[in-house]
**Student:** 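This is the structure I want to talk about, given as structure tokens.
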2 protein chains.
Amino acid sequence: MSQLRPVVREARSVSPATTRDEGGAREHGPPSTSVTVDVVLLTLRAGRLCVLVIQRDEPPFQDYWALPGGFVDADEDLDSSARRQLAEETGVTAAGHLEQLYTYGDPGRDPRTRVVSVAYLALLPNLPQPEPGRRGQQARWWPVEDLDSPEGPTLAFDHPRIVADGVERARSKLEYTPMAAAFCEEPFTLADLRRVYEAAWGVSLDPPNFRRKVLSTPDFVVPVGAVSSPRGGGRPAQLYRRASATALYPPLLRRSV
Amino acid sequence: MSQLRPVVREARSVSPATTRDEGGAREHGPPSTSVTVDVVLLTLRAGRLCVLVIQRDEPPFQDYWALPGGFVDADEDLDSSARRQLAEETGVTAAGHLEQLYTYGDPGRDPRTRVVSVAYLALLPNLPQPEPGRRGQQARWWPVEDLDSPEGPTLAFDHPRIVADGVERARSKLEYTPMAAAFCEEPFTLADLRRVYEAAWGVSLDPPNFRRKVLSTPDFVVPVGAVSSPRGGGRPAQLYRRASATALYPPLLRRSV
DNA sequence: CCAAAAGTGTTCTCGGTACACCCATGC
DNA sequence: GCATGGGTGTACCGAGAACACTTTTGG
């Protein structure tokens, strides 16, 4: 059994940025570390869930693909930094959905120096195909299912894991939050929204049941009172926009995880 | 609409620790930052969910209560650092449950310098009352419901928010993971397990239904084949230990969020 | 004996599924 | 007209809620 005791060797400090362990057995002053933000930007393109990656144009991992990201400025908070990196590296300024994902800090995840990276997850509606960057640097969307395949991109650093974590977070949060709507340009139809779930989960959902489920969840979506013009046959669909819900109760569960 | 384009001003790097923006409009080299880990350690004491806090013995926030934590060493990963802080500051070495919670990096969250703190959530069975620390530094458990009350402790830094986030994470993950068992000393009865949910959610659950729910979830718990000795009346209960499940499907949902 | 807690059985209800069917549009 | 997709109705099924009841212990 473990004992609970304060173990106050000396005047130990207990929290951020204090000189500490004066007289303690170990020395660990405040080692300085680089803190970066990396963004897993997901969107839906042609019914497939895709992630934005940028080709690196310098070592290490030159010519590998990497997530947009960079250093956190001295005076900015983490969320702002994520928004800034996204704007600077991809031109994306749309609101969409942005949330902190996870923080990666293994020593050695960057071969040069200690870097702790706070990863963010961003969801946006489909955007134009990125132009090739000047100087050979390219940005492009990769369908997430192709990331493991041989013809998929080789990702730099520990970005394969970060992307995997981001995709899993997105898939999972679709269940109990209304964040699927962040993938849809407003106004959207319920079929648009359904296709988000179908693409993200790789399933097909029954349209009538999906409709009832979404409409019975208070403040998930609200009708805008107009209908879409069907493209190539079919009855026009009601149009909706996101509403104020922050959670779905009961959730919209995937089959059997 | 936002445009998607690489915006490669110059030889922009896109990921950790690269000299960057040579020739770009803004300068933001790699600013060095202190990275700490803070641990929200939760346990159950007398049917109440409690968090461990340590009284600070030096400025800033002298005499305020704070979460155990400290600097991440140059060569350790974040999870190891969290385990180390817990062991050094509270003597806790038990396995329990430990997961990364969230990363807090607002400039100004520490009045002295920029500190990015990676918070962890730890769950443990009830532990002995901590002795008062030498040199006046004390560690103690606070019931989480008392944290906002006037007679509750005044928490340092942004620790009130971190504790609130940790408690909410724990409450929420009880629904869809078997992590409630981390609060129970093995072997435990189903009543022990039920009391975890009741304390964390502030509800009372129907024992028969709870029993069926837990036992019908594959690999949530396994019987050890012994029974508890009832304390003061009542039929002896079967004893169980944690099994291999990592998720509960279907989840054990709280009433109406 | 009674009280207390474990454990079983049973009914009811509600949400999800499956699927038949109707509606409105493009061609 | 026919194909296509939107939208409604409905019957079935399974999990959860509520609660009566039995079992096994301490006093």
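In what follows, chains carry the letters A, B, and so on, assigned in the order in which the sequence lines appear, proteins first and then strands, with residues in each chain numbered from 1. The figures that follow rest on heavy atoms only: side chains count, while hydrogens, waters and symmetry mates do not.
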**Student:** Which atoms form the tightest heavy-atom contact between Ala82(B) and Leu98(B), and what is the distance?
**Tutor:**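 The pair with the smallest heavy-atom distance is CB-CD2, 4.1 Å.
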
**Student:** Does any residue of residues 202-210 of chain B have a heavy atom under 4.0 Å from DNA chain D, and if so, which ones, in number order?
**Tutor:**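 The stretch gives Asp206(B), Pro208(B), Asn209(B) as the residues lying under 4.0 Å from the strand, ordered by number.
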
**Student:** May I ask you to test the Pro143(A)-Arg45(A) pair for a side-chain heavy-atom distance under 4.5 Å?
**Tutor:**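 With C-beta onward as the side chain, the pair stays apart.
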
**Student:** At their closest point, which heavy atom of Leu101(B) faces which heavy atom of Ile162(B), and how far apart are they?
**Tutor:**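 What the structure gives for the nearest pair is CD2-O, 3.9 Å.
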
**Student:** Examine the side chains of Tyr104(B) and Asp38(B) and answer whether a donor and an acceptor come within less than 3.5 Å of each other.
**Tutor:**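 No.
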
**Student:** What are the two closest non-hydrogen atoms of Pro178(A) and Ala247(A), and how far apart are they?
**Tutor:**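 The answer is CD-N, 3.9 Å.
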
**Student:** Tell me the ring-ring contact (aromatic ring centres under 6.0 Å, His included) pairs involving residues 209-230 of chain B, sequence neighbours left out?
**Tutor:**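 Matches after skipping sequence neighbours: Tyr197(B)-Phe210(B).
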
**Student:** Going by number, which of residues 213-223 of chain A have a non-hydrogen atom under 4.0 Å from DNA chain D?
**Tutor:**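 Correct list: empty, so none.
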
**Student:** Output every pair passing ring-ring contact (aromatic ring centres under 6.0 Å, His included) with a member in residues 161-187 of chain A, not counting sequence neighbours, ordered by first then second residue.
**Tutor:**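 Matches after skipping sequence neighbours: none remain.
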
**Student:** Is the closest side-chain heavy-atom distance between Gln238(B) and Val227(B) below 4.5 Å?
**Tutor:**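 Yes, at least one pair of side-chain atoms sits under 4.5 Å.
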
**Student:** DNA chain D: Pro251(B) or Gly233(B), which has the more 5' nearest nucleotide?
**Tutor:**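 Its nucleotide being nearer the 5' end, the pick is Pro251(B).
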
**Student:** What residues, two or more places apart in sequence or in another chain, satisfy side chain to side chain donor-acceptor pair (under 3.5 Å) together with Thr189(B)?
**Tutor:**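 Listed in chain order: Asp192(B).
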
**Student:** Want to settle it: does Leu252(A) or Gly234(A) sit nearer the 5' end of DNA chain C, counting the closest nucleotide to each?
**Tutor:**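 With Leu252(A) and Gly234(A) compared, the 5'-side residue is Leu252(A).
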
**Student:** How far does CG of Leu42(B) sit from CG of Leu124(B), to the nearest 0.5 angstrom?
**Tutor:**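 Atom-to-atom, Leu42(B):CG and Leu124(B):CG are 9.5 Å apart.
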
**Student:** First and last nucleotide of DNA chain D in contact with chain A, 5' to 3', at under 4.0 Å to a heavy atom: what are they?
**Tutor:**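 With heavy atoms of chain A under 4.0 Å away, the range is dT4(D) to dT10(D).
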
**Student:** Any salt bridge (Lys or Arg N to Asp or Glu O under 4.0 Å) involving residues 91-101 of chain B? Give me the pairs, sequence neighbours left out, ordered by first then second residue.
**Tutor:**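 Listed once each, the pairs are Glu99(B)-Arg169(B), Glu99(B)-Lys173(B).
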
**Student:** Give me the first and last nucleotide of DNA chain C, going 5' to 3', that has any atom under 4.0 Å from a heavy atom of chain A.
**Tutor:**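 Going 5' to 3' along DNA chain C, contacts run dG16(C) to dG26(C).
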
**Student:** Taking side chain to side chain donor-acceptor pair (under 3.5 Å) as the definition, give me every residue that meets it alongside Arg242(A), ordered by chain and number, with sequence neighbours left out.
**Tutor:**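 By the side chain to side chain donor-acceptor pair (under 3.5 Å) rule, Arg242(A) matches no residue at all.
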
**Student:** Quick one: bend of the helix from dC1(C)-dG27(D) to dC27(C)-dG1(D) from 5 pairs per end, to 10°?
**Tutor:**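 The end axes of the helix from dC1(C)-dG27(D) to dC27(C)-dG1(D) are about 0° apart, to the nearest 10°.
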
**Student:** What pairs with Lys213(A) under side chain to side chain donor-acceptor pair (under 3.5 Å), at least two apart in sequence or on another chain?
**Tutor:**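 Listed in chain order: nothing, the list is empty.
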
**Student:** Going by the rule side chain to side chain donor-acceptor pair (under 3.5 Å), which residues pair with Asp77(A) if we only count those two or more places apart in sequence or in a different chain?
**Tutor:**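 Only Ser80(A) meet the side chain to side chain donor-acceptor pair (under 3.5 Å) criterion with Asp77(A).
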
**Student:** Checking side chain to side chain contact (heavy atoms under 4.5 Å, CB included) against Tyr120(A), which of Val40(A), Leu78(A), Leu67(A) comes through?
**Tutor:**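 Answer to the side chain to side chain contact (heavy atoms under 4.5 Å, CB included) test with Tyr120(A) among Val40(A), Leu78(A), Leu67(A): Leu78(A).
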
